[in-house]
Amino acid sequence: LSGHRSPMQLRHWFTADVYGVLQRRAALAMRTQGKRDIRLKTRFKNIHISYIRPRIAEITAIVHDGLRLRAIALRMEFSRSTWKVTALDIG
């Protein structure tokens, strides 16, 4: 979403519907904000992982994107030998 990399590079980590939302949000951010200064590094400040079931994890994180703090919540599910993001919310 910050313009450092193409959403295509993250495609294999997301289900098709969540990837579609991520792709649209990234395109909107690029149109409204332009490409971000490469010197602004994204840093995770706090991460919490809860395993709901053996193959399902819910993750919350506080992220500093170089300009502001953001909250991120996502759900990952293990299927077919890989973890995929099945839900994503970025505040």
Within the 4.5 Å heavy-atom criterion, are Arg25 and Ile90 side-chain neighbours or not? yes
Measuring from atom CH2 of Trp13 to atom CH2 of Trp83, what distance do you get when rounded to the nearest 0.5 angstrom? 10.5 Å
Closest non-hydrogen atom pair, Ala61 against Phe44: CB-CD2, 4.0 Å
Distance check, rounded to the nearest 0.5 Å: Arg70 atom CZ versus Ile62 atom CD1? 12.0 Å
Show me the donor-acceptor pairs, under 3.5 Å and distance only, between side chains in residues 71-80 and residues at least two apart or in other chains.
from: Arg75; atom 1: NE; to: Glu77; atom 2: OE2; distance (Å): 3.3
from: Arg75; atom 1: NH1; to: Glu58; atom 2: OE2; distance (Å): 2.7
from: Glu77; atom 1: OE2; to: Thr86; atom 2: OG1; distance (Å): 3.4

Is Leu88 close to Leu22 at the side-chain level, that is, under 4.5 Å between some pair of heavy atoms? yes
Closest heavy-atom contact between Tyr51 and Ile49? CE1-CG2, 3.8 Å
Nearest non-hydrogen partners of His12 and Lys84, listed with the distance: O-NZ, 3.1 Å
Should side-chain heavy atoms under 4.5 Å link Ile, Leu, Val, Met, Phe, Trp and Tyr, which residues sit in the same cluster as Ile56? Ile52
